[in-house]
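A short worksheet on the structure shown next.
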Protein chains: 4
Amino acid sequence: MNKVILVGRIVRDPELRSTNTGKSVATFSLAVDRRFKQEGQPEADFFNIVAWGRQAEVICQYLGKGRQIALTGRLQSRSYDAQDGSKRYVTEVVLEEFDFIGSKNDSPAPADGLNSLDLGDDFSLMADDDEPPF
Amino acid sequence: MNKVILVGRIVRDPELRSTNTGKSVATFSLAVDRRFKQEGQPEADFFNIVAWGRQAEVICQYLGKGRQIALTGRLQSRSYDAQDGSKRYVTEVVLEEFDFIGSKNDSPAPADGLNSLDLGDDFSLMADDDEPPF
Amino acid sequence: MNKVILVGRIVRDPELRSTNTGKSVATFSLAVDRRFKQEGQPEADFFNIVAWGRQAEVICQYLGKGRQIALTGRLQSRSYDAQDGSKRYVTEVVLEEFDFIGSKNDSPAPADGLNSLDLGDDFSLMADDDEPPF
Amino acid sequence: MNKVILVGRIVRDPELRSTNTGKSVATFSLAVDRRFKQEGQPEADFFNIVAWGRQAEVICQYLGKGRQIALTGRLQSRSYDAQDGSKRYVTEVVLEEFDFIGSKNDSPAPADGLNSLDLGDDFSLMADDDEPPF
DNA sequence: TTTT
DNA sequence: TTTT
């Protein structure tokens, strides 16, 4: 069991790339307000979100900077080799579902009243995330 | 909204430390099996879990290596300065609740049939996690 | 492990009552949009939410009809005796935490920029919900 | 956003039926231990779980009474007409994913080391749940 | 820098 | 290496 649920705002426009086997990957950063603001502590947490396949493409089409969304996903740990040769560890969220939140018109809305997108998980694509998306 | 739910096994005995203001912090690593094992991909994800206050102490008392638990928490991003002067970013799970899972006798069981522990969140302690727990 | 996460709109102003031992209980109904609208199917699910203690009071003060919120809680099953003598079963959500969602000004906002309320769970109050809140 | 996460035990062997359009539906009841046992209160909550399509079939094949599982799903409200002509409301969990929990050998294990099953959501089937599964 |  |  591995489930993450977040409500937050997209920090910058998502970026679309593709792996060397031709799969789409979208990455973006999500700012999630902390429930208890504390002196000298950040007001939000920032998480890296990764989406794959057709969902990646839809995200880049519909989700822009500042957009508020609710999402579910799974937490993923990954390591990569830093430029200095050391191993680096990263924890990110692999997107499963997302919903638009807030006033529908405070952001470019998707076509036809769509307010929820889930393009299926297409797990076959996931073997080849051979490069660190962040 | 920021919620994480994980079911996994504790990788090594949790470590108990305390901040310079005297608060207890426990840290441990949790191995969470992936739902879809894939060739050439790790079988599990590994996450760093942080617990505070009295909950930290209870965890170190009752939870050991190999123990299977279900937990809820919140995802937290944190930065710290690496030895080489660069900024490093870490994403970890701050523990909220946990339950013992699996056969009650496959591990040192807590006293009196306890199978769920939630010592309250004691959010006042959280301001001073000035050192990276990992 | 028992966790529910919902984002939806409050259907009617919450109602405040108190148990015969003097504990506050707030109940309200939450409309949650379905992700996949289907011909001839309802567009939303409607759930009964119960809040206890001080949280109940805060909710009745700050949350009104139409307000969009994100909440976490636990699912609870309960039985009661119907007027015809038969046993009736009810499944409801016991509120744990909630956040205000959407434009802060589309609804009477709480004092001082508050955007998240969690008054503690006060589990001691829970023994005496001897009457069906719904 | 509508997500439920439960860890519990299956109360009776799941039942397989099919709708009048030929879709498979499995229903079962899940007992979820309460975190805080209280005098005079039930020790567990009992929830009705519904699974559709191929997932329904797999469940009836692999999951029996007493099996401990972790699941995610969505909460659903539904109404039906009781025999006495009155409208009855039901809240149940529509299964999305599940994992086997606990010792792998305390129950008939699925073939080939499978420890997680997710047959896809097959949302097209969902329009015709025209009869109350419970 | 890994548990079963 | 941040959104409102």
Side-chain angles (χ1 to χ4, degrees), chain A residues 1-2 6-15 27-34 37 42-49 63-71 77-82 86-92 101-103 106-107 133-134, chain B residues 1-2 6-15 27-34 37 42-49 63-71 77-82 86-92 101-103 106-107 133-134, chain C residues 99-106 109 113 115-116, chain D residues 99-106 109 113 115-116:
Chain A
M1 179 61 40
N2 178 335
L6 299 172
V7 175
R9 308 197 97 96
I10 295 177
V11 172
R12 272 183 311 281
D13 286 346
E15 285 170 38
T27 54
F28 60 94
S29 176
L30 191 77
V32 177
D33 280 356
R34 295 193 167 178
K37 316 290 169 75
E43 299 218 323
D45 291 288
F46 295 85
F47 305 117
N48 289 330
I49 318 290
L63 294 187
K65 173 179 172 174
R67 198 63 169 94
Q68 194 180 15
I69 59 170
L71 67 83
S77 59
R78 197 168 41 77
S79 69
Y80 64 94
D81 299 309
S86 67
K87 229 179 180 55
R88 230 50 142 252
Y89 298 89
V90 161
T91 300
E92 60 212 3
I101 284 282
S103 32
D106 68 357
S107 180
F134 293 101
Chain B
M1 180 60 40
N2 178 336
L6 300 173
V7 174
R9 308 195 97 96
I10 296 178
V11 173
R12 274 183 310 280
D13 287 345
E15 285 171 38
T27 54
F28 60 95
S29 177
L30 192 77
V32 177
D33 280 357
R34 295 194 167 176
K37 315 291 170 73
E43 297 219 324
D45 292 289
F46 294 84
F47 305 118
N48 291 328
I49 318 290
L63 294 187
K65 174 180 171 173
R67 197 67 169 90
Q68 194 180 16
I69 61 170
L71 66 82
S77 60
R78 198 167 41 76
S79 69
Y80 64 94
D81 299 309
S86 68
K87 230 178 180 58
R88 225 64 134 243
Y89 298 89
V90 162
T91 300
E92 61 213 1
I101 285 280
S103 33
D106 68 357
S107 178
F134 293 100
Chain C
D99 294 336
F100 298 100
I101 284 282
S103 33
K104 293 305 187 308
N105 43 12
D106 68 356
N115 77 338
S116 192
Chain D
D99 295 336
F100 298 100
I101 285 282
S103 32
K104 293 306 188 307
N105 43 12
D106 67 357
N115 78 339
S116 190

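Sequence lines set the chain letters: A, B, ... in the order given, protein chains first and strands last, and positions in each chain run from 1. Everything quoted here is computed from the prediction, not taken from an experiment.
B/Lys65 places its NZ atom 6 Å from the P atom of E/dT3, with the value rounded to the nearest Å. When the P atom of E/dT3 is taken as reference, atom CZ of B/Arg34 falls 16 Å away, rounded to whole Å. Distance CE (B/Met1) to P (F/dT3): 23 Å, rounded to an integer number of Å. The distance between atom CG of A/Asp45 and atom C1' of F/dT4, rounded to the nearest whole Å, is 15 Å. B/Leu6 has its CG atom 18 Å from the P atom of E/dT4, to the nearest Å. Atom pair A/Glu15:CD and F/dT3:P shows a separation of 15 Å (rounding to whole Å applied). For the pair A/Asp81 CG and E/dT1 P, the computed distance is 13 Å after rounding to whole Å. Taking atom CD1 of residue B/Ile69 and atom C1' of nucleotide E/dT4, one finds them 14 Å apart after rounding to whole Å.
Proximity of B/Glu92 to A/Thr91: side-chain heavy atoms (C-beta onward) are nowhere separated by under 4.5 Å. For the pair B/Met1/C/Ile101, no side-chain contact is recorded, criterion being any heavy-atom separation below 4.5 Å from C-beta on.
Set against E/dT1, E/dT3, F/dT3, the side chain of A/Tyr89 has E/dT1 as its closest nucleotide. Closest to the A/Arg9 side chain, of the nucleotides E/dT3, F/dT3, E/dT1, is F/dT3. Looking at the side chain of B/Asp33, the nearest of the listed nucleotides F/dT4, E/dT2, E/dT3 is E/dT3. The nucleotide whose nearest atom lies closest to any side-chain atom of B/Ala31 is, among E/dT3, F/dT3, F/dT2, E/dT3.
Evaluation of B/Phe46 against the base of E/dT1 yields no stacking contact (centre distance < 5.5 Å, interplanar angle < 30° required).
Between A/Lys87 and A/Asp81 there is a salt bridge, since at least one side-chain N of the basic residue sits less than 4.0 Å from a carboxylate O of the acidic one.
Considering CG of B/Leu30 and CD1 of B/Ile49, their distance stands at 5.0 Å, rounded to 0.5 Å.
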